[in-house]
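In what follows, a structure is listed as C-alpha cells, so that the remarks can point back to it.
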Amino acid sequence: MPRQCTACGIMSLIGAFACQPSLRPAVEGSESAEVCQANQVQLVQLLEALPEKGLAVRGRADLPVATLGGVIGGGRVVDIANDGLLLDGEALDGHTAMQRGEQLRTRLAGDAESSASLPGATRPLLYLAVAGDTDIRALRGYLEAIPRSFDVHLVFQAPPPQRGSQAQAGASIAERLRSESDFATRHALARDAYHEFARCEPVQKAVETVGAGDPSERWPALRKALLQALPSCSCNELDTDELREVLMAEQRAGAAAVGALPFDFVRDERCGASLGLTPVQQVVKDIEAFDEQFAGGYGNASLDFDQVVTNDRLLEYLCQALPGETLASLQRARHTFYWKVRGIERCQPWQFEPLAPGSPMGSWRRVDDGGAQPLTLHYWQGAEEIRLYGPVSDTGSKPTDDRPWACAQDFRMRGIDAQSIQLENGRWFFTEAACQQATEDEAAFPGCVAALAGGPPEMPPAVPATFPALGDGQHEATP
C-alpha cells in the first residue's frame, strides 16, 4: 500500500493560508459582514502567495509508473524527451543532445552556486522527468550535466484512475483537478467549479478568457486574471472555502497524478555497474518492492515513505556491484581515474582504453594534463584483481604480446565507496577532486607502477621480467 510523504514543500506561507481555518461560521447564512469580507481578503492573500509559475512537470504518458507515496514540492524541473530538453518548462536550444546538455550544465551551475552561498542553505531539489524505457546508462549521461549540489528526484506517474470508480465518484472537484492529467477535462472541471463557487460575473468572465493547456502556461494567466477580478466581487458571492481548495489545485493541476522519489544514488559508480542498461521503469518497480519490504519490517505505524526510500538505502539495496565489477564497467566507458604518486602534489589522470568493447584487457594511458610525459601501461583484469605491466613504448603493442616487461604489478581490490576503489595499499579515485582531497598516506601505493609514474620517462629496465600468470603477485625488474 502506498504511504503518504510528510513533506509537501510548496512554501510555508502558502501552508499557513491553506491550513488557516475559515472565518465562516458553521451555520450557513449566519455570517456577519466583517467575517464575509475577511474571508474574501484571505482568499486574495492566498492567491497572491501562490507561486506565479505552475508546476513545470508536463503530463506525459511515458513517465515510469509507480504506486508510491512520493510528493513533488518546490524545485527545478529537468524534462528530457526525444523532442528536446526543458528546464522549468522552457525548451533549451541546441541541435544535438550534447549541445542541450551543455546549456543545461551552464544554466544550473549558476543557480547551484547562488543556492550554496545562502547561509544555512540545504541542497536544492531538482526533479528529473524521463521516459520509463530510458536505460540507466543513458540517464547517468544526463546526470553528468547536473551539478552534484542538486538533490535529484525522479518523477513518476500514478496508475491511471479507473473511470467511474467509487473513489473517483466521491472525490471533490479539487481532488479531481489535482489528479486529472487530461488538459481538456481539467479545464471543464475548473470552469464548472468557478461557476458553482463564484457567483460573480467578473470571475466567470476572467475564467472564460483563459483556455485549457499545460498548467505551467495556464496557471500564470489564470492567477493574473483572478487577482484582478476577485476584488470586484461581493464577498457573499464567493464560497471562499471551496475556492481556496480549487485555487491550490489549479496551481498544482495534475500533481496528484505524479510523484517523485530519491534518485541521487544513481550517480554512484556502483549503480552504473549494477544497473547498466536496466530501464528506469524496472528500477522503479524494484524500489516499490523495497518500499513494501522495508517498511513492512517495522512495527512503527507512522513510518513514512520518505523515511524508508532514501538514497543511502536504495544504493545499498540496488547497487551491490563489487569493486571488480565496477572497475570493469568503467573500463568499458573509457573512464579516467586519478591517483597519487608519492612526492608529487597533483593527482595523475589515467584513462582506460579497452582492446575491444567488453574486453578485460587493454591499455591504461596517462592523460596529458599539461606537464607529465606520455606513459602507457597494459592491463589485464581478473575478478577482483588487475595487473598493470609496461611501460609500452611501441604504439602497435597489444596486451596479449608475449614479451618481457620492465614492470608487472598486481593490484588486488579490497573495497569500494562513492569516491574510489580501495586497493591493498592506496586507492584509485573516480574524480580529481576526491583524489586531491585525500592524504598521501591513504591514497598512494607502492611498487614499480608508481615508480614509473613518478620517475623520468626514459627510465629503462635493467633486467626485463617475463610476463607471469595473473595472480602470482607483484613482479618487478631486478637491477
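Just so you know, residue 1 is the first one in the sequence shown, and it goes up from there. On a predicted model such as this, the values are computed, not experimentally measured, just so you know.
Arg270 and Gln320 are not linked by any side-chain donor-acceptor pair at a separation below 3.5 angstrom, with hydrogens and angles left out of the test.
Here the side chain of Gln40 pairs no donor or acceptor atom with the backbone of Thr240 at under 3.5 angstrom. Judged by distance alone, the side chain of Thr106 and the main-chain N or O of Glu102 form a donor-acceptor pair under 3.5 Å.
Salt bridge present: Glu432 and Arg346 bring a charged side-chain N and a carboxylate O closer than 4.0 Å. The residues Lys340 and Glu440 are annotated as not salt-bridged, no charged nitrogen and carboxylate oxygen being separated by less than 4.0 angstrom. A salt bridge does not link Asp291 to Arg313: none of the charged side-chain nitrogens sits closer than 4.0 Å to a carboxylate oxygen.
Counting heavy atoms of neighbouring residues, nucleotides and ligands inside a 6.0 Å radius, atom CD of Glu316 does not exceed 12 of them. Atom OH of Tyr142 has 12 or fewer heavy atoms from other residues, nucleotides or ligands within 6.0 Å. Within 6.0 Å of atom CD in Glu208, more than 12 heavy atoms from other residues, nucleotides or ligands are found, so the atom counts as buried in its surroundings.
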(request) Step by step, work out the side-chain contact (heavy atoms from CB on, under 4.5 Å) result for Leu247 and Leu226. (result) CA-CA 10 Å; Leu247 289 174; Leu226 288 176; 3.5 Å; yes

(message) Let's go through Tyr317 and Phe290 carefully: what are the C-alpha distance in whole Å and the side-chain angles of both, what is the deciding distance for ring-ring contact (aromatic ring centres under 6.0 Å, His included) to 0.1 Å, and is it a yes or a no?
(response) CA-CA 8 Å; Tyr317 179 75; Phe290 168 77; 4.7 Å; yes

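A tilted orientation is assigned to the rings of Trp364 and Trp350, their planes being inclined by 30° to 60°. Ring geometry for His335 versus Phe430: interplanar angle over 60°, hence perpendicular rather than tilted (30 to 60°). Using a 30° and 60° split on the angle between ring planes, Trp428 and Phe337 fall in the perpendicular class, above 60°.
With sequence neighbours left out, Gln437 forms a side-chain contact (heavy atoms from CB on, under 4.5 Å) with no residue at all.
Between Ile136 and Leu277, the closest side-chain pair of non-hydrogen atoms is not below 4.5 Å.
The list of salt bridge (charged side-chain N to carboxylate O under 4.0 Å, His left out) pairs with a residue in residues 90-100, not counting sequence neighbours, reads Glu90-Arg107. The salt bridge (charged side-chain N to carboxylate O under 4.0 Å, His left out) contacts involving residues 129-141 comprise Arg140-Glu269, where partners must be two or more places apart or lie in separate chains.
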